[in-house]
Amino acid sequence: MKFATWNVNSLSVRLPQVLQWLADTGTDTLVLQETKLTDDKFPHDAFAQAGYQSACFGQKTYNGVAIISREAVTDISHNIPGFDDHQARIIAATVGDVRMIGAYFPNGQAPGTDKFEYKMSWLQALERWVKEHLENHSKLILAGDFNIAPTDDDVYDPVAWKDQILCTPQERTHFQNLIALGLHDAFRLFEQPPKSWSWWDYRNLAFRKNQGLRIDHILVSDALKSTVCACSIDKQPRKNERPSDHAPVVLEF
DNA sequence: ATGGCCATGCACCATGGA
């Protein structure tokens with residue numbers, strides 16, 4: 001079973017690349033972030049023709065998430081129950097016996113801003129909800145664009161990024177809180193090339209210079225961990241013309 | 001040698017992303 005997460009930074013722009021990538025890789029289930037599409041504009045037909053069913057939760061201009069799957073997706077839910085949120089950031093669904101949460105974590109802009117406070121309260125609510133969710137779903141995946149670089153090893157220039165957004169101790173504590181619920185950073189279950197990133201700024205030739213951050217993650221529960229056989233970042237789509245600034249993260253189990 | 005972005009909406013610029 002091949003699972004992946006990808007922040008596509010506009011599905012309207014990236015749809016051909018997503019379809020091509022699905023065909024090239026044979027991915028079974030893909031969660032998308034930053035679709036930037038209202039649900040009435042979601043390209044269900046294009047995915048259906050490629051052999052995938054899809055569920056979406058979007059809004060205009062910003063955010064938006066979706067799940068694309070060969071196998072049936074059931075019990076679809078949106079965002080965090082009990083957390084009043086006007087932004088479309090989470091879609092959860094069951095595929096086979098695995099509960100999958102696809103999430104687009106808030107960016108947070110900068111410490112001390114309203115957006116940072118929103119990120120903190122969103123993360124706190126997420127932890128509460130995932131903790132409950134784990135009680136009912138032993139095989140759980142939490143995947144997406146976390147907008148958190150968990151350690152300095154996930155940052156190309158930790159000195160320049162020290163205490164900057166995506167790298168603050170507060171954000172990293174929240175990442176560890178998720179791990180403490182009994183989740184595992186699948187990427188770190190395996191030997192990885194040094195300087196592995198999942199996002200590179202569009203500016204400054206960052207991709208060519210490999211100046212990036214690892215902020216897209218796949219966390220797996222204990223029950224899944226034993227069946228996971230690989231996890232990697234696929235840099236190939238970042239080399240496309242008009243790429244997303246993020247690369248997909250792939251899990252095999 | 002240096003510096004270089006991209007998507008959206010509505011509008012030819014401002015905002016957000018990370």
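A, B, ... follow the sequence lines: proteins, then strands. Residue 1 opens every chain.
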Practice prompt. Give one of base, sugar-phosphate or nothing for A/D216, where a contact means two heavy atoms less than 4.0 Å apart.
Written response: nothing

Worksheet item: What's the closest nucleotide to the A/V13 side chain, out of B/dG16, B/dG17, B/dA7?
Response: B/dA7

Worksheet item: Under 4.0 Å between a side-chain N or O of A/S10 and OP1 or OP2 of B/dT8?
Response: yes

Worksheet item: Which whole number of Å gives the distance between the P atom of B/dG9 and that of B/dG3?
Response: 33 Å

Fill in: Side-chain N,O (A/K60) to OP1/OP2 (B/dT8) below 4.0 Å
no

Worksheet item: Reckon A/R14 touches a base, only the sugar-phosphate, or nothing at all at heavy-atom distances under 4.0 Å?
Response: sugar-phosphate

Worksheet item: Quantified in whole Å, what is the C1' atom distance between nucleotide B/dC12 and nucleotide B/dA7?
Response: 16 Å

Worksheet item: Just checking A/Q164: base, sugar-phosphate only, or nothing, at a heavy-atom cut-off of under 4.0 Å?
Response: nothing

Worksheet item: A/K36 or A/K115: which one's nearest nucleotide on DNA chain B is closer to the 5' end?
Response: A/K36

Worksheet item: When the C1' atoms of B/dC10 and B/dT15 are considered, how many whole Å apart are they?
Response: 12 Å

Discussion item. Any side-chain to backbone donor/acceptor pair from A/Q59 onto A/A88? Under 3.5 Å, distance only.
Written reply: yes

Item to complete: For the pair A/W161 and A/Y156, name the ring-plane relationship: parallel under 30°, tilted 30 to 60°, perpendicular over 60°.
Response: perpendicular

Fill in: Spacing between A/D245 atom CG and B/dA7 atom P, to the nearest angstrom
9 Å

Practice prompt. Mind calculating the distance between CG (A/D145) and P (B/dG17) to the nearest angstrom?
Written response: 11 Å

Discussion item. Check this for me, if you would: do A/D245 and A/R203 make a salt bridge, where the nitrogen-to-carboxylate-oxygen distance has to be below 4.0 angstrom?
Written reply: no

Discussion item. On the nucleotide B/dA7, are OP1 or OP2 found under 4.0 Å from the side-chain N or O atoms that A/R242 carries?
Written reply: yes

Discussion item. Nearest whole Å is fine: how far is B/dG17 C1' from A/I215 CD1?
Written reply: 10 Å

Worksheet item: Dot-bracket for DNA chain B: what is it, with Watson-Crick or G-U pairs under 3.5 Å, [ ] where a pair crosses earlier ones, and | for a pair to another strand?
Response: ....(((((...))))).

Practice prompt. Drop me the distance from A/I233's CD1 to A/Q192's CD, to the nearest 0.5 angstrom.
Written response: 7.0 Å

Worksheet entry | Note: A/D154-A/R188 ion pair, threshold 4.0 Å (strictly below) | yes

Fill in: Atom-to-atom span, CD of A/Q59 to C1' of B/dG17 - whole angstrom
14 Å

Worksheet item: Between A/R203 and A/Y104, which has a closest nucleotide on DNA chain B that is more 5'?
Response: A/R203

Fill in: Min side-chain heavy-atom separation A/I165-A/E171 under 4.5 Å
yes

Worksheet item: For A/Y62 and B/dT8, what is the distance between atoms OH and P respectively, to the nearest whole Å?
Response: 11 Å

Practice prompt. Scan A/D201 against the nucleic acid and name what it touches under 4.0 Å (heavy atoms): base, sugar-phosphate only, or nothing.
Written response: nothing

Practice prompt. Would you give the length of the straight line joining atom CZ of A/F3 to atom CD of A/E252, rounded to the nearest 0.5 angstrom?
Written response: 13.0 Å

Item to complete: Sticking with atom P, work out how far B/dG4 lies from B/dT8, rounded to a whole angstrom.
Response: 23 Å

Worksheet item: Atom CD of A/Q211 and atom P of B/dG4: how far apart are they, to the nearest Å?
Response: 13 Å

Discussion item. Over all strands shown, is A/L205 touching base, sugar-phosphate only, or nothing at heavy-atom distances under 4.0 angstrom?
Written reply: base

Worksheet entry | Test: A/R214 and A/D185 ion pair at under 4.0 Å | yes

Response to the item:
The nucleotide from B/dG9, B/dC6, B/dG4 with an atom nearest the side chain of A/Y202 is B/dC6

Worksheet, complete the sentence: From CD of A/Q109 across to P of B/dA14 the rounded distance in Å is 17 Å

Worksheet item: So does A/K2 pair up with A/D28, basic N to acidic O under 4.0 Å?
Response: no

Discussion item. Please report the distance, rounded to the nearest Å, between CG in A/N63 and C1' in B/dT15.
Written reply: 14 Å

